[in-house]
Amino acid sequence: QVQLVESGGGLVQPGGSLRLSCAASGRIFSLNAMGWYRQAPGKQREKVAVITSGGSTNYEDSVKGRFTISRDNAKNTVYLQMNSLKPEDTAAYYCYANILSIGTGWQDYWGQGTQVTVSS
């Protein structure tokens with residue numbers, strides 16, 4: 001069994017910062033891409049940022065220059081540093097990972113979501 005556990009969401013004022021963390025645990029043999037998606041009320045889930053096992057990154061246009069994704073492969077953890085937050089960044093943020101698990105092969109896994117609210 002594989003689990004992704006997120007932390008770090010909360011309420012922040014516009015212009016503020018938050019750091020999200022997501023740790024993968026369980027019967028993990030290898031990790032491929034990891035990333036963050038978000039979903040605001042009434043909208044579809046969208047990709048925010050993705051990082052490959054080699055460290056290549058890709059960002060959604062609206063967060064470029066403000067958000068930074070990173071990972072610690074020794075800890076099976078991915079981070080999202082969010083700076084200069086805007087009200088339109090308000091959403092539930094979901095961690096994603098493509099994992100090779102012992103006995104089940106490569107599969108996509110999702111965290112339970114953590115709420116980020118940007119408001120004065």
Side-chain angles (χ1 to χ4, degrees):
Q1 195 77 357
V2 173
Q3 282 188 316
L4 301 182
V5 178
E6 301 141 335
S7 61
L11 173 64
V12 64
Q13 292 186 342
S17 297
L18 282 174
R19 188 190 195 212
L20 306 183
S21 299
C22 173
S25 63
R27 305 180 69 185
I28 298 171
F29 185 75
S30 183
L31 272 169
N32 196 0
M34 302 183 78
W36 294 91
Y37 286 67
R38 67 185 178 186
Q39 188 168 18
K43 295 187 177 181
Q44 289 188 332
R45 187 174 296 191
E46 64 175 0
K47 181 177 69 177
V48 176
V50 174
I51 184 167
T52 67
S53 58
S56 297
T57 59
N58 182 269
Y59 295 93
E60 196 271 328
D61 286 346
S62 69
V63 308
K64 287 179 180 177
R66 300 188 298 122
F67 291 11
T68 302
I69 190 170
S70 61
R71 63 191 284 170
D72 184 333
N73 290 329
K75 296 181 179 180
N76 291 339
T77 299
V78 62
Y79 306 96
L80 186 67
Q81 178 66 43
M82 304 185 292
N83 299 328
S84 302
L85 282 161
K86 304 176 181 180
E88 51 264 43
D89 294 318
T90 296
Y93 283 70
Y94 296 90
C95 173
Y96 154 84
N98 183 239
I99 295 173
L100 177 61
S101 179
I102 299 170
T104 62
W106 288 101
Q107 290 190 19
D108 293 337
Y109 293 87
W110 294 88
Q112 79 284 359
T114 185
Q115 180 66 35
V116 172
T117 301
V118 185
S119 175
S120 56

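A salt bridge links D61 with K64: the distance from a Lys NZ or Arg NE/NH1/NH2 to an Asp or Glu carboxylate oxygen falls below 4.0 Å.
For Q112, the side-chain contact (heavy atoms from CB on, under 4.5 Å) partners are E6, not counting sequence neighbours. Among residues two or more places apart in sequence or in another chain, the side-chain contact (heavy atoms from CB on, under 4.5 Å) test is passed with S56 by T52. Applying the side-chain contact (heavy atoms from CB on, under 4.5 Å) test to I28 and every residue at least two apart in sequence or in another chain returns V2, A24, L31, N76, I99. The side-chain hydrogen bond (donor to acceptor under 3.5 Å, both in side chains) test applied to Q107 returns no partner, not counting sequence neighbours. Annotation: side-chain hydrogen bond (donor to acceptor under 3.5 Å, both in side chains) contacts of R19 (sequence neighbours excluded): none. Remark: A91 pairs with R38, A40, Y93 by the side-chain contact (heavy atoms from CB on, under 4.5 Å) rule, at least two apart or across chains.
Rounding to the nearest 0.5 Å gives a distance of 5.0 Å between CG of N98 and CG of N32. Here the CG-NZ distance, from N73 to K75, works out to 12.0 Å after rounding to the nearest 0.5 Å. Taking CD of Q81 as the reference point, atom CG of L18 lies at 8.5 Å (rounded to 0.5 Å).
In the hydrophobic clustering of ILVMFWY residues, with side-chain heavy atoms under 4.5 Å counting as a link, I51 and Y94 come out apart. Using a 4.5 Å cut-off between side-chain heavy atoms of Ile, Leu, Val, Met, Phe, Trp and Tyr, with links allowed through other members, V63 and V78 fall into the same hydrophobic cluster.
Residue pairs meeting the disulfide bond (SG atoms under 2.5 Å apart) criterion with at least one partner in residues 76-120, sequence neighbours excluded, are C22-C95. Within the structure, ring-ring contact (aromatic ring centres under 6.0 Å, His included) pairs that include any residue of residues 97-120 comprise Y37-W110, Y96-W110 (at least two apart or interchain). Sequence neighbours left out, not one pair with a member in residues 44-82 passes disulfide bond (SG atoms under 2.5 Å apart). Each ring-ring contact (aromatic ring centres under 6.0 Å, His included) pair with one or both residues in residues 47-92, not counting sequence neighbours, would appear here, but there are none. Identified under the disulfide bond (SG atoms under 2.5 Å apart) test for residues 54-88, with sequence neighbours left out: none.
The two residues L85 and R66 make their nearest non-hydrogen contact at CA-NH1, 3.9 Å. Scanning all heavy atoms of the two residues, the minimum distance from I69 to M34 falls at CD1-O, 4.0 Å. Between N83 and S17 the shortest heavy-atom distance is OD1-OG, 2.9 Å. Across all their heavy atoms, S120 and P14 have their closest contact at N-CD, 3.7 Å.
Looking only at side-chain heavy atoms (C-beta outward), E88 and V118 stay at 4.5 Å or farther from each other.
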Could you walk me through whether V12 and M82 satisfy the side chain to side chain contact (heavy atoms under 4.5 Å, CB included) test, starting with their C-alpha distance in whole Å, then the side-chain angles of each, then the deciding distance to 0.1 Å, before giving a yes or no? CA-CA 11 Å; V12 64; M82 304 185 292; over 6 Å; no

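Summarising the local packing, CD of Q1 is surrounded by 12 or fewer heavy atoms from other residues, nucleotides or ligands at distances under 6.0 Å. By the 6.0 Å contact criterion, CD on E46 is enclosed, its count of non-hydrogen atoms from other residues, nucleotides or ligands being greater than 12.
V5 shares a hydrophobic cluster with no other residue; no ILVMFWY side chain has heavy atoms under 4.5 Å from its own.
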